[in-house]
There are 2 protein chains.
Amino acid sequence: MNNLVTFIKNRRKILGLTQQDLADKAGVGLRFVRELEQGKETLRMDKVNQVLALFGHELTPVDSKQIHVSDE
Amino acid sequence: MNNLVTFIKNRRKILGLTQQDLADKAGVGLRFVRELEQGKETLRMDKVNQVLALFGHELTPVDSKQIHVSDE
DNA sequence: CATATTTATACCTTATCGGGTATAAAGATA
DNA sequence: TATCTTTATACCCGATAAGGTATAAATATG
């Protein structure tokens, strides 16, 4: 499970949100949240950022070697 | 100009590649590279990662407050 | 166990991304 | 200046992402 998936799932759980809650708050469809949490890689960048924004985060280029299995 | 745009442009210049070169090496279309460098935010995540992979990088969720205007 | 909630899978439709191509504009070089 | 290279803009078309909905499976709760 990649970093993005792990990050989203953990954050959502921490806030006690359902996928539907997250979708509503982010302004994306429920299906999108599901595909996001299932690791679909062909998602649109802006939609992913829309969700990440809820957690004060955004997609950024990071050195592949420096990616620690973040669970926070 | 956002981080992604800055990153891509700088790296490409450092390696002395044209947009066409980068497109070819990454296996994406020339138009995609252009839209990427022009800050289009609706691009597909996998395609962006395809380009970033050439530089050993990948999209990762990062705290928005911790994003320094990276030019490397 | 039964029931309720949450998550996963499948189908259909619309919107648009991505590629290709052509043309124009901008930059560099002589 | 003229010429060459690189980058930007505009158009068409096929493929598919995203949303909605419905159903099924999984997980919790009693």
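Below, chain A is the first sequence line, B the second, and so on; all start at residue 1.
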Residue pair [X] / [Y]: nearest heavy atoms and the distance that separates them:
| X | Y | result |
| --- | --- | --- |
| Glu37(B) | Lys9(B) | O-CE, 3.4 Å |
| Leu4(A) | Asn2(A) | N-OD1, 2.9 Å |
| Leu43(B) | Phe32(B) | CD2-CE1, 3.7 Å |
| Ile67(B) | Asn3(B) | CG2-ND2, 3.0 Å |

Length of the [atom1]-[atom2] vector between [X] and [N], whole Å:
| X | N | atom1 | atom2 | value |
| --- | --- | --- | --- | --- |
| Arg12(B) | dT5(D) | CZ | C1' | 13 Å |
| Asn49(A) | dA17(D) | CG | P | 18 Å |
| Phe32(A) | dA8(C) | CZ | P | 15 Å |
| Leu36(A) | dA8(C) | CG | P | 11 Å |
| Glu35(A) | dC11(C) | CD | C1' | 13 Å |
| Gln50(A) | dA17(D) | CD | C1' | 14 Å |
| Met45(A) | dA18(D) | CE | C1' | 16 Å |

How long is the straight-line distance from [atom2] of [Y] back to [atom1] of [X], given to the nearest 0.5 Å?
| X | Y | atom1 | atom2 | result |
| --- | --- | --- | --- | --- |
| Arg11(B) | Leu52(B) | CZ | CG | 10.0 Å |
| Phe55(A) | Leu22(A) | CZ | CG | 5.0 Å |
| Gln19(A) | Arg34(A) | CD | CZ | 5.0 Å |
| Asn49(A) | Thr60(A) | CG | OG1 | 8.0 Å |

*Answer with base, sugar-phosphate or nothing: what part of the nucleic acid does Glu37(A) contact at a heavy-atom distance below 4.0 Å?*
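The residue Glu37(A) makes no contact with any strand.
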*So Gln50(A) and Asp46(A), side-chain hydrogen bond (donor to acceptor under 3.5 Å, both in side chains) or not? Walk me through it.*
CA-CA 6 Å; Gln50(A) 240 173 284; Asp46(A) 63 324; over 6 Å; no
*Presence of Lys47(B) side-chain N/O under 4.0 Å of dG18(C) phosphate oxygens OP1/OP2*: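 The answer is no; no side-chain N or O of Lys47(B) sits under 4.0 Å from OP1 or OP2.
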*Any side-chain N or O of Gln38(B) less than 4.0 Å from the OP1 or OP2 oxygen of dT9(D)?*
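Checking Gln38(B) against dT9(D): at least one side-chain N or O falls below 4.0 Å of OP1 or OP2.
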*Choose from dA17(D), dG18(C), dA8(C) the nucleotide whose nearest atom is closest to any side-chain atom of Lys40(A).*
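Looking only at heavy atoms from C-beta outward on Lys40(A), the closest nucleotide is dA17(D).
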_Quick check on contacts: within residues 16-29 of chain A, what sits under 4.0 Å from DNA chain C by heavy-atom distance?_
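The stretch gives Thr18(A), Gln19(A) as the residues lying under 4.0 Å from the strand, ordered by number.
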At a cut-off of 3.5 Å, list every protein nitrogen or oxygen paired with a nitrogen or oxygen from nucleotides 21-28 of chain C, distance to 0.1 Å.
none

*side-chain hydrogen bond (donor to acceptor under 3.5 Å, both in side chains) assessment of Asp21(B) paired with Thr18(B)*: CA-CA 5 Å; Asp21(B) 293 334; Thr18(B) 65; 3.1 Å; yes
*Are Lys65(A) and Asp63(A) close enough for a salt bridge, meaning some N to O gap below 4.0 Å?*
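Answer for the salt bridge query: no.
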*asked:* Over the length of the helix from dC1(C)-dG30(D) to dA30(C)-dT1(D), how much do the five-pair end axes diverge, rounded to 10 degrees?
replied: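 Answer for the end axes of this duplex: 60°.
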